[in-house]
Amino acid sequence: MIDLKYLQKNFDEASAKFIKKGVDAQTLVRLEELFVTLKSANATLEEAKAEQNKMSKLFGEYMREKKDVSELKAKVDAKKEEIVGLQEVAREAQEALEKVALAMPNLPDDSVPEGKDEEENVELRKVLEPRTFDFEPKEHWALAELNGWIEFDRGVKLAKSRFAVLRGEAARMERALINFFLDVNREKGFEEVYVPFINNATMLQGTGQLPKFEDDLFKIEGEDLYLIPTAEVPLTNLYNDEILTQKELPILLTGYTPCFRKEAGSAGRDTRGMIRQHQFDKVEMVAITTPEQSEAIFKMMVENASDILTRLELPHRVVELCGGDLGFSAAMTIDLEVWLPGQNKYREISSISNTREFQARRAKIRYKEGKKNVLVNTLNGSALAVGRTLVAIMENYQNEDGTISIPEVLKPYMGL
RNA sequence: CGGGAGAUGUCAGAGUGGUCGAAUGUGCCGGUCUUGAAAACCGGUGAGGGUUAUACCUCCGGGAGUUCGAAUCUCCCUCUCCCGGCCA
């Protein structure tokens, strides 16, 4: 959630920033109006309540002094009726504001490059040279079939399209990758956490998936519960509605979870293979920091994810997202894209974002700075997406006969 | 899933219709004392909104109701603990 007071006081500045993220001015004007309306409705209501409270206290005095209360009662009753109406006005104003405000994306940082979509993202650097093949490298689904690693059709049978089954060595590599990622993250100071894979609506709203992206989530029928689309949800909301001490910050967390996404809007893209599935594994990093700490932690998280790819000897590049490509909650995002020789392009394998106070305001995560309660900064990033790493290993480590070599760092994890 | 008890500030725990945002203890922060620490003593200390700052409003698990007035009474829901059932 954005800071409505900031919006009101610095309207022009805020709208300039929002334009970078593709929010139209009309919506902003409306939002500001709703905020002003709510404030005045509340002021009127509270004034009436103050009068009523005062009269009720008087009532007690009258009773004690055995004075006649019938006149006072009549006045209070009239005031009560007035309050009912005012309350309704205030409630409606509140709902109208929330509806718009909760659907409003985060403001991008000043440093974020201008741009409409992913075409205008900025490559910061490349890490490791892509290997040269003396044969035509295959795409991962072809390799999956040759090696009996992935069964797409049986996954579809068990659930529906975009579910897959990993078999044998592939299943073991999936598990090995999870352990490897968690170990590296732990080395870097992240605490390993195991969380529920099902969270309630309040938590999903805290991190920004609800109410706007309900269609992308798998909901449990008849319950106020959803399958998590990323570990960012449970890890960040671990501290939902809490006030932390400054001493305990920064909090660095890592956890493995499967992720469940409907991605209704993605039909037609990456329909083949493992790139876009309804269920996938991911190891996530989450940081809860003071505003002063978050820049440095953000860099560290990017370095860490890049380091993991380097240890796996997977060529990749570091890309800064432009304003138009930023996600809903992010103030800035850096993606890591891994080289896929079969597809002959770089594909996203990690996304690291600083949401600043955006999620903290929604999830009410604060820390004590002296006497004051201050919103934390929350950051999240993949380290890494497991399924896509498997794909990258398949394509980068393929041999001419279609077999796949195992990366050195994974061998101990696979008992080799 | 069945039976019983409960949900109050960091925690523990009082409060059963008004003067209670809430005793007391504890924790935490600041101070005195001390070479330093501990102990002792003194002071401060819930959250959100609102205001330049006060006023003022809301919150005692959540929601609805009774009442001039609710932490306190009624109803519904959720959660926790104990007993039983079932179970990895």
Side-chain angles (χ1 to χ4, degrees), chain A residues 1-10 31-32 34-98 100-102 194-206 210 219-226 234 237-249 251 258 288 290 357-376:
Chain A
M1 182 117 123
I2 60 158
D3 185 349
L4 291 170
K5 271 190 243 174
Y6 164 80
L7 175 70
Q8 193 192 18
K9 286 185 186 140
N10 311 279
L31 185 63
E32 199 205 6
L34 287 169
F35 186 53
V36 172
T37 305
L38 174 64
K39 275 175 79 167
S40 84
N42 273 339
T44 317
L45 171 66
E46 285 174 13
E47 202 177 307
K49 277 188 173 172
E51 284 176 46
Q52 196 210 356
N53 288 344
K54 219 168 274 169
M55 284 193 269
S56 289
K57 276 197 180 131
L58 249 189
F59 205 98
E61 277 177 40
Y62 277 31
M63 296 286 278
R64 239 172 290 127
E65 293 166 13
K66 303 225 178 2
K67 277 159 91 176
D68 178 31
V69 294
S70 56
E71 195 186 328
L72 183 60
K73 182 163 164 23
K75 272 167 80 178
V76 172
D77 283 342
K79 185 56 76 179
K80 263 175 79 178
E81 243 171 88
E82 186 192 332
I83 286 175
V84 171
L86 292 174
Q87 218 144 22
E88 188 55 25
V89 172
R91 198 185 54 80
E92 277 169 17
Q94 176 79 36
E95 277 174 15
L97 175 68
E98 261 173 26
V100 178
L102 285 173
Y194 177 84
V195 291
F197 302 157
I198 295 174
N199 282 192
N200 63 45
T202 306
M203 302 305 120
L204 272 301
Q205 181 173 306
L210 287 179
K219 189 176 196 309
I220 310 283
E221 191 181 345
E223 306 262 5
D224 181 39
L225 296 170
Y226 299 81
N237 282 296
L238 231 35
Y239 298 99
N240 189 297
D241 200 17
E242 293 194 22
I243 300 172
L244 303 159
T245 61
Q246 194 161 5
K247 263 194 297 208
E248 50 194 319
L249 301 179
I251 294 170
I288 316 278
T290 66
E357 306 176 339
F358 185 81
Q359 292 178 326
R361 185 171 290 110
R362 290 175 159 245
K364 304 187 199 68
I365 309 175
R366 298 141 292 172
Y367 73 99
K368 273 234 179 291
E369 197 174 77
K371 281 194 154 192
K372 279 184 16 191
N373 296 326
V374 182
L375 292 169
V376 299

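Labels below follow one simple rule: chain letters A, B, ... track the order of the sequence lines, proteins then strands, and each chain is numbered from 1.
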Length of the [atom1]-[atom2] vector between [X] and [N], whole Å:
X        : N     : atom1 : atom2 : value
A:Gln52  : B:U67 : CD    : C1'   : 11 Å
A:Lys57  : B:A70 : NZ    : P     : 12 Å
A:Met203 : B:U78 : CE    : C1'   : 13 Å
A:Lys79  : B:C68 : NZ    : P     : 17 Å
A:Glu82  : B:C68 : CD    : P     : 18 Å
A:Ile83  : B:G69 : CD1   : P     : 9 Å
A:Leu244 : B:G27 : CG    : C1'   : 17 Å

Both distances under 3.5 Å, Watson-Crick or G-U wobble: report the partner of [N], or none.
N     : value
B:C59 : B:G46
B:A7  : B:U78
B:A40 : B:U32
B:U52 : none

Integer angstrom distance from the [atom1] of [N] to that of [M]:
N     : M     : atom1 : result
B:A70 : B:G63 : C1'   : 15 Å
B:A39 : B:G6  : P     : 37 Å
B:C60 : B:G27 : P     : 28 Å
B:U16 : B:U10 : C1'   : 27 Å
B:C75 : B:C20 : P     : 28 Å
B:U45 : B:G61 : P     : 24 Å
B:C57 : B:G44 : P     : 24 Å
B:U26 : B:G13 : C1'   : 10 Å

Can you check whether A:Leu102 reaches A:Arg362 side chain to side chain, under 4.5 Å on heavy atoms?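 Yes; the side chains approach each other to less than 4.5 Å.
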A:Lys368 side chain, from C-beta outward: closest of B:C29, B:C68, B:A47: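 Between B:C29, B:C68, B:A47, the one nearest the side chain of A:Lys368 would be B:A47.
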Side chain A:Arg366, main chain A:Lys372, donor-acceptor under 3.5 Å: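 Judged by distance alone, no pair lies under 3.5 Å.
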With distance as the sole test, does A:Asn200 use its side chain to make a donor-acceptor pair with the main-chain N or O of A:Met203 at under 3.5 Å?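 Pair found, side chain donor or acceptor close to backbone of A:Met203.
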Of A:Val76 and A:Lys247, whose nearest nucleotide on RNA chain B comes first from the 5' end?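 Comparing both residues, the 5'-ward one is A:Lys247.
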For nucleotides 48-61 of chain B, 5' to 3', base contacts (B), sugar-phosphate-only contacts (S) and non-contacts (-) with protein non-hydrogen atoms under 4.0 Å give SBSS----SBS---
For A:Ile243 and A:Tyr367, run side-chain contact (heavy atoms from CB on, under 4.5 Å): C-alpha distance rounded to whole Å, both residues' side-chain angles, the deciding distance at 0.1 Å, then the answer. CA-CA 5 Å; A:Ile243 300 172; A:Tyr367 73 99; 5.7 Å; no
What nucleic acid atoms does A:Lys80 come within less than 4.0 Å of, heavy atoms only: base, sugar-phosphate, or nothing?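 Sugar-phosphate, no base atom in range.
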